[in-house]
Amino acid sequence: MSNLIDPQAKPLPSLSARHIDPHSYPEGVAFLDGQYLPMSQAKISVLDWGFLHSDATYDTVHVWNGRFFRLDLHLDRFFGGLEKLRMTIPFDRDGVAEILHNCVALSGHRAAYVEMLCTRGTSPTFSRDPRDAVNRFMAFAVPFGSVANAEQLQRGLHVAISDKVRIPPASIDPAIKNYHWLDLVRGLYDAYDRGAETALVLNFNGNVAEGPGFNVFCVDDGKLSTPAVGVLPGITRRTVFDLCAEAGLAVAAADISVAALRQSDEVFITSTAGGIMPVTMIDGVPVADGKVGAITRRLMAIYWQKHEDSAWSGPVRYP
Ligand code: PLP
């Protein structure tokens, strides 16, 4: 990982009393070009390749009740993406973690959505060679957001299965968390056109893949499965595997056909933005009896309990 650390790196800006006024950061706090800023002032050049070519990687971790959930796993995935994209940032893992802690602490949020990201940046000479670009690291903490709202968490989401195909792994390694979302956004419009609330799209084999910002699971005869290929290896997805291991539930990554998903006993989606969220309607047809399933409910409960467990979460360093 040492190739990611710039020896010329400026020391981390430290928190000063001047910074610590939550009222000056009502929406959240960003870290950009070495400074902590209110979100409204966090802006980048339109010439940044992150914007022009979607040449960027990112990760999102959440804070719940003042605690980061599985921050180490998010840092692993972020640094893995940087390495695969050959990007360098002037901070190591501890440096990035410190910036994330500072963004949350400065925002004062106890429940936050915390993003770290790196764009290819811009080349000082406008060169078309990505190696000439100066990579740009940013981070921010904003209020916690969820794919499903309170009502949808209670009664389950209504989902449509779009025929749009998620960008295949042969094009983009889905383990590099990225902003290539045109397939997902087009899927969302398909869903809205059909009166659904969100979408699932297909993988390159025509099986179910994932949705805008989430993975999907189904439960059949007490066994869980989630699509194996062509999806982001979500940290919440991984957490479901870990929770199943503890709870003695069988879970596997496998192909899930559209027909199989429709016939499942239970369906739920997983995301850092909301955790484990039930799905009770697919393309206007109820999943089983149309109620949130027992295994889904059980996993939702344990998932949130783990947010207080120091093996799974750690306190934000508020001043
Ligand atoms: N799939 C996609 C395309 C995503 O963007 C995300 C999260 O943003 C997920 C799945 C869920 O991943 P995680 O559980 O790590 O939030």
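What you see below is based on every heavy atom in this structure, not just the backbone, and it leaves out hydrogens, waters and symmetry mates. All ligand and atom numbering here is 1-based and tracks the order in the structure.
Contact atoms of ligand 1 toward Arg77: 15 (O) (distance under 4.0 Å to a heavy atom of the residue). Interface of Gly234 with ligand 1, defined as ligand atoms under 4.0 Å from a residue heavy atom, comprises 12 (O), 13 (P), 14 (O), 15 (O).
At the top of the distance list for atom 4 (C) of ligand 1, counting protein heavy atoms only, stands Gly213 CA, 3.4 Å. Of the protein's non-hydrogen atoms, the one nearest atom 8 (O) of ligand 1 is Lys177 NZ, 2.5 Å. At the top of the distance list for atom 16 (O) of ligand 1, counting protein heavy atoms only, stands Thr272 OG1, 2.7 Å. Regarding atom 1 (N) of ligand 1, its nearest protein heavy-atom neighbour is Glu210 OE1, 2.7 Å. The protein atom (non-hydrogen) at minimum distance from atom 15 (O) of ligand 1 is Ile235 N, 2.8 Å. When hydrogens are left out, the protein atom nearest atom 14 (O) of ligand 1 is Thr236 OG1, 2.6 Å; that is the closest non-hydrogen contact.
Between the side chains of Thr119 and Asp48, at least one donor N or O sits under 3.5 Å from an acceptor N or O.
Contacts of Trp181 with ligand 1, taken as heavy-atom pairs under 4.0 Å, involve the side chain alone. With a 4.0 Å cut-off on non-hydrogen atoms, Arg166 touches ligand 1 through its side chain and not its backbone. Within the 4.0 Å heavy-atom criterion, the part of Leu232 lying near ligand 1 is the side chain and not the backbone.
Remark: aromatic rings of Phe91 and Phe31 are close, center separation under 6.0 Å. Aromatic pair Phe144/His62: ring centres closer than 6.0 Å. For Phe140 and Tyr58, the ring centers are positioned 6.0 Å apart or more.
Contact analysis leaves Arg238 out of contact with ligand 1, as no non-hydrogen atom separation drops below 4.0 angstrom. Put simply, no part of Thr60 is less than 4.0 Å from ligand 1, judged by heavy atoms. Tyr58 counts as a contact of ligand 1, since one of its heavy atoms falls under 4.0 Å from the ligand.
For the pair Ser162 and Leu202, the tightest heavy-atom approach, listed with the atom from each and the gap, is O-CG, 3.5 Å. Summarising the geometry of Pro233 relative to Ala175, their closest heavy-atom pair is CD-CA, 3.6 Å, with the distance given to 0.1 Å.
Tyr36 and Tyr318 fall within the same hydrophobic cluster, defined by Ile, Leu, Val, Met, Phe, Trp and Tyr side-chain heavy atoms under 4.5 Å apart, directly or through other members.
Just one residue in the list Thr236, Ile235, Val61, Thr239 forms a side-chain contact (heavy atoms from CB on, under 4.5 Å) with Phe69, and that residue is Thr239.
Ring geometry for Tyr189 against Tyr192 counts as perpendicular: the plane angle is over 60°, on a 0 to 90° scale with 30° as the lower cut.
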